[in-house]
Amino acid sequence: MINYEKLESALALQVSLQWLEINHLPARLVGAVSRLHNLRHLTLNLTIGHADMECLREFVESLRDMKRIRTLAVNRVVETSMDVGLNAVLQTFAIPECAFESLTSLDCSLDSSLCVLRTGKRLSSLRIRNGDILSAGDLQLLFENLIGLRHLWIDNCLCLDDDIMSGLPVSNLKGLISLKIFNANLTHRCLPHIKFLHLNILVINNMSLEPCVALNDLSDFHYCLKKFSRFVPALTQLELQLYCDQIMFKKLRFESLFYSDTKTMFKSYFKVLKSLVLLYRYT
């Protein structure tokens, strides 16, 4: 068993510490971390209880004094036994604007003010855990302002569909090398709108083949894929999870995507592709 009082005392003494990562840290101990003003890199995966709200607020305020912080990741440890109401606990805190003067990497659940979209211009890496908080306007703001991003990962990006994707100013993120989007409402027709000359990694799950269902074949998927390949010449890793309903799954011979001729097709489209993962499911 860990003696948390001793752990808290020991942490508080590490005033010269620059790099700290702790998993399953009880949220009540973040006060000790708050005093480590020399931190450059901080990763905390917290176990949170109903009584921890004030501790977390004080911790977020302490970021004002961490003038050298570069990378920050603060998230709740997922525990199936945890009260569902605690899922939003970390979404109620606003990271102080001054913290973005030094931050280059952020991984967290955003608060409703979405300060990062206006002041996170120095960020090169951003993961948004609660993408369901974003609107179409918020995504527009992200692509307009965070032009230094090289890595972008959005979980639960529920509002994003083909129409919104087609209107995003993706050309602003000239240096983006990895893009991961989870639980959006995209079809394969979004692919030609993903135009990043230096993109190495693309991961999208939950991509519908509904337009192919309407056409009763997969030619539209192949067309969009070929068109997309022209805009991502540096792509080395591609992972797509595709789906359609069970009847059309069989009718379209969806499993043919995994035949050797399809692998040949991918190799001809993406000249430097090293890793290809195609997952499929039907509803």
*Is the CD atom of E97 crowded by more than 12 outside heavy atoms at less than 6.0 Å?*
no

*Hey, what do you get for OH (Y223) to CZ (R189), rounding to the nearest 0.5 Å?*
10.0 Å

*Of the non-hydrogen atoms in A12 and R35, which two are nearest, and what is the gap between them?*
CB-NH2, 3.5 Å

*Compare every heavy atom of S125 with every heavy atom of L149, then report the nearest pair and how far apart it is.*
CD2-N, 3.9 Å

_R118 side chain to V116 backbone, donor-acceptor under 3.5 Å_ = no

*Walk me through it: do L139 and C159 pass the test side chain to side chain contact (heavy atoms under 4.5 Å, CB included)?*
CA-CA 9 Å; L139 289 171; C159 79; 3.6 Å; yes

_Side-chain heavy-atom pair L126, I154 within 4.5 angstrom cut-off_ = no

_Using side-chain heavy atoms (C-beta onward) and a distance below 4.5 Å, is V30 in contact with L25?_
yes

*Can you name the nearest heavy-atom pair linking L199 to S178, along with the distance?*
CD1-N, 3.7 Å

*Is a donor on one side and an acceptor on the other found under 3.5 Å between the side chain of N38 and the backbone of V15?*
yes

*Audit row: L20, L11, side chain to side chain contact (heavy atoms under 4.5 Å, CB included) steps and yes/no*: CA-CA 10 Å; L20 177 63; L11 275 176; 4.3 Å; yes

*Side-chain donor-acceptor contact under 3.5 Å, N75 with D107*: yes

*Would you say Q14's side chain and A10's backbone share a donor-acceptor pair under 3.5 angstrom?*
yes

_Side-chain heavy atoms of C212 within contact of H188, under 4.5 Å_ = yes

*More than 12 non-hydrogen atoms from neighbouring residues, nucleotides or ligands closer than 6.0 Å to NZ on K121, yes or no?*
yes

*Side-chain heavy-atom pair L46, R76 within 4.5 angstrom cut-off*: no

*asked:* Using the rule that Ile, Leu, Val, Met, Phe, Trp and Tyr join whenever any side-chain heavy atoms are under 4.5 Å apart, tell me whether L179 and L278 fall into a single cluster.
replied: yes

_Quick one: does any side-chain atom of D161 pair with a main-chain N or O of N185 as donor and acceptor, under 3.5 Å?_
no

*Looking at CG of L29 and CD1 of I22, how far apart are the two atoms once the value is rounded to the nearest 0.5 Å?*
8.0 Å

*Give the intermediate values and the outcome of side-chain hydrogen bond (donor to acceptor under 3.5 Å, both in side chains) for residues N156 and N183.*
CA-CA 5 Å; N156 297 314; N183 297 326; 2.8 Å; yes

_For S135, side-chain hydrogen bond (donor to acceptor under 3.5 Å, both in side chains) partners two or more places apart_ = D138

*Do the side chains of K67 and S102 get nearer than 4.5 Å, heavy atoms only?*
no

_Suppose the criterion is ring pair (Phe, Tyr, Trp, His ring centres under 6.0 Å): which pairs have a residue in residues 118-169, not counting sequence neighbours?_
W153-F182

*Mark yes or no for whether N130, through its side chain, and I133, through its backbone, hold a donor-acceptor pair below 3.5 Å.*
no

*Answer yes or no: is there a side-chain heavy-atom contact under 4.5 Å between L160 and M165?*
yes

*Is the backbone of L117 close enough, under 3.5 Å, to the side chain of N145 for a donor and an acceptor to pair up by distance?*
yes

*So, do M207 and L191 sit near enough that their side-chain heavy atoms are less than 4.5 Å apart?*
yes

*F100 ring centre to R122 NZ or CZ under 6.0 Å, with the angle to the axis within 45°?*
no

*State the OG-NE2 distance between S62 and H37, to the nearest 0.5 angstrom.*
6.5 Å

*Are V33 and L7 grouped together when hydrophobic residues (ILVMFWY) are joined by side-chain heavy atoms under 4.5 angstrom apart?*
yes

*Just wondering, do L123 and L106 contact through their side chains at under 4.5 Å, heavy atoms?*
yes

*asked:* Rounded to the nearest 0.5 Å, what separates atom CG in L173 from atom NE2 in H198?
replied: 12.0 Å

*Scan side-chain atoms only and decide if N45 and N23 contain a donor-acceptor pair under the 3.5 Å cut-off.*
yes

*When you measure from the side chain of S124 to the backbone N and O of T104, does any donor-acceptor pair fall under 3.5 Å?*
yes

*Would L134 and I128 satisfy side chain to side chain contact (heavy atoms under 4.5 Å, CB included), going step by step from the backbone distance to the final call?*
CA-CA 10 Å; L134 300 174; I128 301 174; 4.1 Å; yes

*Under the side chain to side chain contact (heavy atoms under 4.5 Å, CB included) criterion, do L202 and I194 qualify, and how do the steps go?*
CA-CA 10 Å; L202 177 65; I194 300 175; 4.2 Å; yes

*Are L168 and L114 connected in a single hydrophobic cluster, I mean Ile/Leu/Val/Met/Phe/Trp/Tyr linked by side-chain heavy atoms less than 4.5 Å apart?*
yes

*asked:* For a quick check under 3.5 Å, do D162 and T187 share a side-chain donor-acceptor pair by atom type?
replied: yes

_I'd like to know if the side chain of T47 pairs up with that of H24 as donor and acceptor (distance under 3.5 Å, no hydrogens or angles considered)._
no

*With respect to D155, which candidate in R127, R129, K180 satisfies the side-chain hydrogen bond (donor to acceptor under 3.5 Å, both in side chains) definition?*
R127

*Would you check if the side chain of D52 reaches a backbone N or O of C55 as a donor-acceptor pair within less than 3.5 Å?*
no

*Check for a donor-acceptor pair, side chain of R70 on one end and backbone N or O of R68 on the other, with a separation under 3.5 Å.*
yes

*Between the main-chain N or O of L273 and the side-chain N or O of T236, is there a donor-acceptor pair closer than 3.5 Å?*
no

_L276 side, atom CG; F270 side, atom CZ - distance, nearest 0.5 Å_ = 8.5 Å

*Approximate separation, where rounding is to 0.5 Å, of C190 SG and D163 CG*: 11.5 Å

*L146, V170: one ILVMFWY side-chain cluster at the under-4.5 Å cut-off?*
yes

_What verdict does the ring pair (Phe, Tyr, Trp, His ring centres under 6.0 Å) test give for F221 and F228, after you've listed the backbone C-alpha separation in whole Å, the side-chain angles of each residue and the deciding distance to 0.1 Å?_
CA-CA 10 Å; F221 172 70; F228 161 64; over 10 Å; no

_Between L44 and Y4, is there shared hydrophobic-cluster membership here, with clusters defined by ILVMFWY side-chain heavy atoms closer than 4.5 Å?_
yes

*For P211 and D220, work out which heavy atoms get closest and say how close.*
CB-OD2, 4.0 Å

